[in-house]
Chemist: 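Structure provided below as structure tokens; questions to follow.
Nothing fancy with the numbering, it's 1 onward along the sequence.
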Amino acid sequence: MQDFELHNPTRIVFGANKIAELDKLVPQDARVLVLFGGQSAHRSGTLAEVREALGQRLVVEFGGIEANPTFETLMKAVALIKQEKLDFLLAVGGGSVIDGTKLVAAAVPYQGDPWEILETFGAKITEAIPFGSVLTLPATGSEMNDGSVITRAATQDKLFFVSPHVFPRFSILDPTKTYTLPERQLANGVVDAFTHVMEQYLTYPVNAHVQDRFAEGLLQTLIDIGPQVVSGTRDYDLRANLMWTATLALNGLIGAGVPQDWSTHMIGHELTALHGIDHARTLAIVLPANMEVRTEEKRGKLLQYADRVWGLKDGDDNQRINAAIGRTRSFFESLGVPTRLREYDIGAADLDKVIQQLEKHNMVALGEQKNVTPAVSRRILEAAL
């Protein structure tokens, strides 16, 4: 296990009927911008609860943040904040809204072109206005981390940034807010969380017993509850376990002191930017193919994954590894999430553009060993056809 420093200042307020806590969490004199996505936040009554909890504070609303939040839309929020002299942000939604809010929080005080925040992966951020979140869609873990992924629609660029300045001050996690989510979003949330764990777990052994067992427990939890959640059952305990698992999958804890991959995400980002595929669904396409192409370098952890997560003990090493990869693919498909590019009408002729975009964004040395070159990325995409 490697040396590490872990810092996470986000306060989590977990449970039903916790939105009322906003009155204590948001400064009494705050001038608040509430950011959200579509009309579901209105229809579900969540925004009305938020407004009631904020009481007499000045509150301005900004809706329309996309499922893949765009730089163009978020800059409108920045302009509104400056115009109305607002000083506190509240994201109400899933990871996309929270990711977008992080960029807005950093962009308001930024001196220069805010796109530089993405181009430098957050290195130029020196401050951000404070914000909190009310999570309605468990998936990305953005409610308890310092990362964000943003798309520039005009150029089809999808980039990420990280900065300790954009940790949420607090996040309210009420599992009942997931009851109205459609099956597609629930399935995406399970896949997203599963892949977040895999990016930090499926690398090479470093004797990190605690982190490995923690990661394996999260994976097994998702395997156990995923199909039940996607079936639409409004079971509080199931939804609570999904919400907490998704948060723990990417709050820094299981990745502390261990190597991390993230090549599946970087390749997946380009598929979303170019073809509009849901983020989680690109992960379901890329992850099994990535495991197949890079079996040798991941052999030790693949065998551990096969044994501890799927209970595969029969057959030789290759048979167990192949079976574990097959179980992973089947799990995603059991949730109704396709795992092949052809199911999105993407063929071999479309791969050149994906590789070009990876090269444009300098994603040419990916993975825990920095050896996922564009040639290896092409092999992964070919395996996913």
Chemist: Find the distance between CE (M291) and NZ (K298) and round it off to the nearest 0.5 Å.
Modeler: 8.5 Å
Chemist: Got a donor-acceptor contact below 3.5 angstrom from the D278 side chain to the R281 backbone?
Modeler: no
Chemist: So does E343 pair up with R340, basic N to acidic O under 4.0 Å?
Modeler: no
Chemist: Once you round to the nearest 0.5 Å, how far does CG of L186 lie from CZ of R184?
Modeler: 12.5 Å
Chemist: Are L302 and L287 connected in a single hydrophobic cluster, I mean Ile/Leu/Val/Met/Phe/Trp/Tyr linked by side-chain heavy atoms less than 4.5 Å apart?
Modeler: yes
Chemist: If you look only at pairs with a residue in residues 334-383, which of them pass as a ring pair (Phe, Tyr, Trp, His ring centres under 6.0 Å), with sequence neighbours excluded?
Modeler: none
Chemist: Look at R57 together with D29 and state whether they make a salt bridge at an N to O cut-off of under 4.0 Å.
Modeler: no
Chemist: Does E296 come within less than 4.0 Å of R299, counting only side-chain N to carboxylate O?
Modeler: yes
Chemist: Between K313 and D307, is the closest basic N to carboxylate O distance under 4.0 Å?
Modeler: yes
Chemist: Step through it carefully: locate the ring centre of F36, locate the ring centre of F62, and say whether they are under 6.0 Å apart.
Modeler: no
Chemist: Within a reach of under 6.0 Å around CZ of R169, are more than 12 heavy atoms found that belong to other residues, nucleotides or ligands?
Modeler: no
Chemist: Report the distance from atom CG of L366 to atom CG of L358, rounding to the nearest 0.5 Å.
Modeler: 6.5 Å
Chemist: Which pairs pass salt bridge (charged side-chain N to carboxylate O under 4.0 Å, His left out) with one or both residues in residues 122-149, sequence neighbours excluded?
Modeler: E116-K124
Chemist: Is R329 paired with E292 through a side-chain N to carboxylate O contact shorter than 4.0 Å?
Modeler: yes
Chemist: Got a sec: does the CD of Q2 have more than 12 other heavy atoms crowding it under 6.0 Å?
Modeler: yes
Chemist: Checking side-chain polar atoms at under 3.5 Å, does N290 have a donor or acceptor matched by the opposite partner on R294?
Modeler: yes
Chemist: For D235 and T233, does a side-chain donor sit closer than 3.5 Å to a side-chain acceptor?
Modeler: no
Chemist: Identify whether NZ of Lys or CZ of Arg in K301 sits under 6.0 Å from the centre of the six-membered ring of Y201 and within 45° of that ring's axis.
Modeler: yes
Chemist: Under the criterion side-chain contact (heavy atoms from CB on, under 4.5 Å), I'd like the reasoning laid out for L381 against D350: C-alpha separation, chi angles, the key distance, then a yes or no.
Modeler: CA-CA 10 Å; L381 288 164; D350 300 302; over 6 Å; no
Chemist: For S96 and P69, indicate whether the former's side chain and the latter's backbone hold a donor-acceptor pair under 3.5 Å.
Modeler: no
Chemist: Evaluate the side-chain proximity of Q260 to E199: yes if any heavy-atom separation is below 4.5 Å, no if none is.
Modeler: no
Chemist: Strictly under 6.0 Å, is that where the ring centroids of F332 and F194 end up?
Modeler: yes
Chemist: Could you please spell out the steps behind the side-chain contact (heavy atoms from CB on, under 4.5 Å) verdict for L25 and V13?
Modeler: CA-CA 10 Å; L25 295 166; V13 182; 4.0 Å; yes
Chemist: Strictly distance-based, threshold 3.5 Å: is any side-chain N or O of K102 a donor or acceptor partner for the main-chain N or O of S142?
Modeler: yes
Chemist: Take V32 and L89, measure what side-chain contact (heavy atoms from CB on, under 4.5 Å) needs, and give me the verdict at the end.
Modeler: CA-CA 6 Å; V32 184; L89 308 182; over 6 Å; no
Chemist: Any sub-3.5 Å donor-acceptor pair from T178's side-chain atoms to P175's backbone N or O?
Modeler: yes
Chemist: Restricting to non-hydrogen atoms, name the atom on Q228 and the atom on S231 that form the minimum distance, rounded to 0.1 Å.
Modeler: O-OG, 2.5 Å
Chemist: How about T126 and Y110: does a side-chain donor come under 3.5 Å of a side-chain acceptor?
Modeler: no
Chemist: Crowded around K76 NZ? As in, over 12 foreign heavy atoms under 6.0 Å?
Modeler: no
Chemist: What are the two closest non-hydrogen atoms of D113 and F71, and how far apart are they?
Modeler: OD1-CZ, 4.2 Å
Chemist: Using a 4.5 Å cut-off on heavy atoms from C-beta on, say whether the side chain of H269 contacts that of T151.
Modeler: no
Chemist: Please assess T328 against Y305 for the test side chain to side chain donor-acceptor pair (under 3.5 Å), listing each intermediate value before the final yes or no.
Modeler: CA-CA 10 Å; T328 307; Y305 172 67; 2.6 Å; yes
Chemist: Mark yes or no for whether S133, through its side chain, and A91, through its backbone, hold a donor-acceptor pair below 3.5 Å.
Modeler: no
Chemist: Can M243 be reached from I98 by stepping across I, L, V, M, F, W or Y side chains whose heavy atoms are under 4.5 Å apart?
Modeler: yes
Chemist: I'd like to know whether CG of D314 has more than 12 heavy-atom contacts from other residues, nucleotides or ligands below 6.0 angstrom.
Modeler: no
Chemist: Less than 4.5 Å apart, any side-chain heavy atom of F214 and any of D212?
Modeler: no
Chemist: Using a cut-off of 6.0 Å, state whether more than 12 heavy atoms not belonging to E52 lie near its atom CD.
Modeler: no
Chemist: Hey, is the main chain of R31 close enough, under 3.5 Å, to the side chain of D87 for a donor-acceptor pair?
Modeler: yes
Chemist: So does W262 get a backbone contact from the side chain of E368, meaning a donor-acceptor N/O pair under 3.5 Å?
Modeler: no
Chemist: With the threshold set at 4.0 Å, does a side-chain nitrogen-carboxylate oxygen contact exist between E270 and K353?
Modeler: no
Chemist: To the nearest 0.5 Å, how far apart are OG in S330 and CD in E333?
Modeler: 6.0 Å
Chemist: Measure the shortest side-chain to side-chain distance between M1 and Q211 over non-hydrogen atoms and say whether it is less than 4.5 angstrom.
Modeler: yes
Chemist: For the backbone of N251 and the side chain of N8, can you confirm whether one donor and one acceptor N or O come within less than 3.5 Å of each other?
Modeler: yes
Chemist: Please check if I129 and I150 belong to a single hydrophobic cluster, counting links between Ile, Leu, Val, Met, Phe, Trp and Tyr side chain heavy atoms closer than 4.5 Å.
Modeler: yes
Chemist: Output the distance between atom CD1 (I12) and atom CD1 (I172), rounded to the nearest 0.5 Å.
Modeler: 10.0 Å
Chemist: Just wondering, do H196 and H265 contact through their side chains at under 4.5 Å, heavy atoms?
Modeler: yes
Chemist: Where do I285 and P338 come nearest, in terms of heavy atoms and distance?
Modeler: CG1-O, 4.1 Å
Chemist: Before we go on, tell me: are the rings of F160 and F121 under 6.0 Å apart, centre to centre?
Modeler: yes
Chemist: Apply the test side-chain contact (heavy atoms from CB on, under 4.5 Å) to residues T195 and T264: give CA-CA distance (whole Å), side-chain angles for both, the deciding distance (0.1 Å), then the verdict.
Modeler: CA-CA 8 Å; T195 309; T264 290; 4.0 Å; yes
Chemist: In the structure I gave you, are the side-chain heavy atoms of V376 and I380 within less than 4.5 Å of one another anywhere?
Modeler: yes
Chemist: Kindly compute the distance separating CE (M75) from CG (L80), expressed to the nearest 0.5 Å.
Modeler: 12.5 Å
Chemist: Which pair of heavy atoms, one from L335 and one from P227, lies closest together, and at what distance?
Modeler: CD2-N, 3.8 Å
Chemist: Keeping the roles fixed (side chain from E49, backbone from N17), state whether a donor-acceptor pair exists under 3.5 Å.
Modeler: no
Chemist: Is it the case that E216 and Q304 place a side-chain donor and acceptor less than 3.5 Å from each other?
Modeler: yes
Chemist: Side chains of I125 and T120: does their closest heavy-atom pair fall under 4.5 Å?
Modeler: no
Chemist: Taking L47 as the starting point, is it possible to reach L135 by hopping between hydrophobic residues whose side chains are less than 4.5 Å apart?
Modeler: no
Chemist: Is V364 linked to V293 within one hydrophobic cluster, defined over Ile, Leu, Val, Met, Phe, Trp and Tyr using a side-chain heavy-atom separation of less than 4.5 Å?
Modeler: no
Chemist: Do I19 and L22 come within less than 4.5 Å of each other through their side chains, counting heavy atoms only?
Modeler: yes
Chemist: With no hydrogens and no angle check, do the side chains of E66 and T73 hold a donor and an acceptor under 3.5 Å apart?
Modeler: yes
Chemist: Look at the side chain of K177 and the backbone N and O of L137, then say whether any donor-acceptor pair between them is shorter than 3.5 Å.
Modeler: no
